[in-house]
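Letters A, B, ... are given to chains in the order of the sequence lines, protein chains preceding strands, and every chain is numbered from 1.
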Amino acid sequence: QKEVEQDPGPLSVPEGAIVSLNCTYSNSAFQYFMWYRQYSRKGPELLMYTYSSGNKEDGRFTAQVDKSSKYISLFIRDSQPSDSATYLCAMSLDLNKFYFGSGTKLNVKP
Amino acid sequence: GAGVSQSPSNKVTEKGKDVELRCDPISGHTALYWYRQRLGQGLEFLIYFQGNSAPDKSGLPSDRFSAERTGESVSTLTIQRTQQEDSAVYLCASSLVTGRETQYFGPGTRLLVL
């Protein structure tokens, strides 16, 4: 069993839609949860991170963690074509070693 | 300022050859990470450095893989006797210190083993 599971998509939505991206994990010891965005042929860039269960909001992005269910989500409101990318979740016990999901490819159609 | 740079950007090699991949972290960043990303898959942790020390080498796939770092600067990832399954994008990231959630990634080296 993989440490982190993520639906690869692709996910195609119209501009302005609310997007929900999700990951599940098996290791209940994970303490830190991150979302990265990766454009084609580029390295990932950190979007959001959170340490605890609950919601964290940053502009159009909301990260949600449910430790009891071992489930994390990223919501994108008012999605834009520029949001089209692959979104990777990542987790860590100690911020030294990081475990990544396989990424969900998102396409926002104008 | 300059970000993380990696060279070469692309490398094609024959099975059985050795390759060296280079990473230049952001100046002043003491933590450096190497990952492998196979086509359509997520990032697979390989190794991290705190300064020139590598506390955790458990992610290196086999003894054909090794990495070193000069001081708190350049790192090289060496793959000996390359195999076709080594074909992937190799990504390097750096952060100010270990124990930080923010890593800055380079563009990667695309390795193809024929």
Side-chain angles (χ1 to χ4, degrees), chain A residues 1-11 21-27 30-52 56 58 61 63 65 72 74 85-106, chain B residues 2-10 21 23-26 29-51 53-60 88-112:
Chain A
Q1 184 185 10
K2 285 184 183 177
E3 298 269 8
V4 181
E5 298 278 0
Q6 184 175 9
D7 188 333
L11 184 61
L21 304 165
N22 311 294
C23 288
T24 58
Y25 61 95
S26 57
N27 190 344
F30 284 139
Q31 296 292 325
Y32 306 98
F33 305 90
M34 290 137 282
W35 285 96
Y36 282 81
R37 178 174 61 196
Q38 185 175 25
Y39 291 113
S40 182
R41 303 186 74 81
K42 302 281 188 184
E45 56 179 333
L46 182 68
L47 271 179
M48 295 190 70
Y49 63 88
T50 184
Y51 305 144
S52 57
K56 181 178 179 180
D58 183 2
F61 298 88
V65 174
I72 70 169
L74 178 71
T86 296
Y87 290 79
L88 298 142
C89 61
M91 307 179 190
S92 180
L93 281 74
D94 56 7
L95 294 178
N96 288 321
K97 187 172 179 176
F98 295 80
Y99 299 83
F100 282 77
S102 56
T104 299
K105 190 169 184 179
L106 172 67
Chain B
V4 177
S5 61
Q6 292 186 246
S7 61
S9 53
N10 293 282
L21 312 179
C23 172
D24 282 271
I26 293 172
H29 280 196
T30 62
L32 187 147
Y33 307 82
W34 282 100
Y35 294 89
R36 177 169 69 179
Q37 187 173 31
R38 289 189 164 125
L39 188 64
Q41 298 189 22
L43 277 66
E44 177 187 359
F45 169 85
L46 297 179
I47 190 171
Y48 82 92
F49 288 90
Q50 176 56 43
S53 170
D56 187 345
K57 302 180 181 180
S58 63
L60 293 175
V89 177
Y90 289 82
L91 288 157
C92 173
S94 72
S95 65
L96 197 57
V97 293
T98 52
R100 292 285 180 95
E101 64 286 325
T102 306
Q103 297 178 63
Y104 298 88
F105 281 84
T109 293
R110 281 156 188 78
L111 174 66
L112 178 61

Report task. Answer yes or no: does atom NZ of A/K105 have more than 12 heavy-atom neighbours from other residues, nucleotides or ligands under 6.0 Å? Result -> no
Report task. Check the surroundings of atom CZ in B/F45: do more than 12 heavy atoms from other residues, nucleotides or ligands lie under 6.0 Å from it? Result -> yes
Requested in this report: Using a cut-off of under 4.5 Å on heavy-atom pairs, state which of A/Y99, A/Y36, A/Y32 scores highest against chain B.
Outcome: A/Y36
Report task. Select one option (side chain, backbone, both, neither) describing which atoms of A/K97 are under 4.5 Å from chain B's heavy atoms. Result -> both
Query raised in the report: Going from CD on B/Q37 to CG on A/L88, what distance comes out if it is rounded to the nearest 0.5 angstrom?
Result: 6.5 Å
**Report entry** Residue A/P8 versus chain B: region with a heavy atom under 4.5 Å
**Finding:** neither
Query - Under 4.5 Å from any heavy atom of chain A - which part of B/L91 - result: side chain
Requested in this report: Let me know if B/Q6 has heavy atoms under 4.5 Å from chain A in its side chain, its backbone, both or neither.
Outcome: neither
Query - More than 12 heavy atoms of other groups within 6.0 Å of A/K56 NZ - result: yes
Query raised in the report: So what's closer than 4.5 Å to chain A heavy atoms on B/Y33: side chain, backbone, both or neither?
Result: side chain
Query raised in the report: Does some side-chain heavy atom of B/Y35 sit less than 4.5 Å from a side-chain heavy atom of A/F98?
Result: yes
**Report entry** Winner by heavy-atom pair count (cut-off under 4.5 Å) against chain A, out of B/Q41, B/Q50, B/R110, B/E44
**Finding:** B/R110
Requested in this report: Using the side chain to side chain contact (heavy atoms under 4.5 Å, CB included) rule, take B/D56 and A/N96 through it: C-alpha gap first, then chi angles, then the decisive distance, then the call.
Outcome: CA-CA 9 Å; B/D56 187 345; A/N96 288 321; over 6 Å; no
Query raised in the report: For A/Q38, is it the side chain, the backbone, both, or neither that has a heavy atom closer than 4.5 Å to a heavy atom of chain B?
Result: side chain
Query - Contact origin within B/R38 toward chain A - heavy atom pairs under 4.5 Å - result: neither
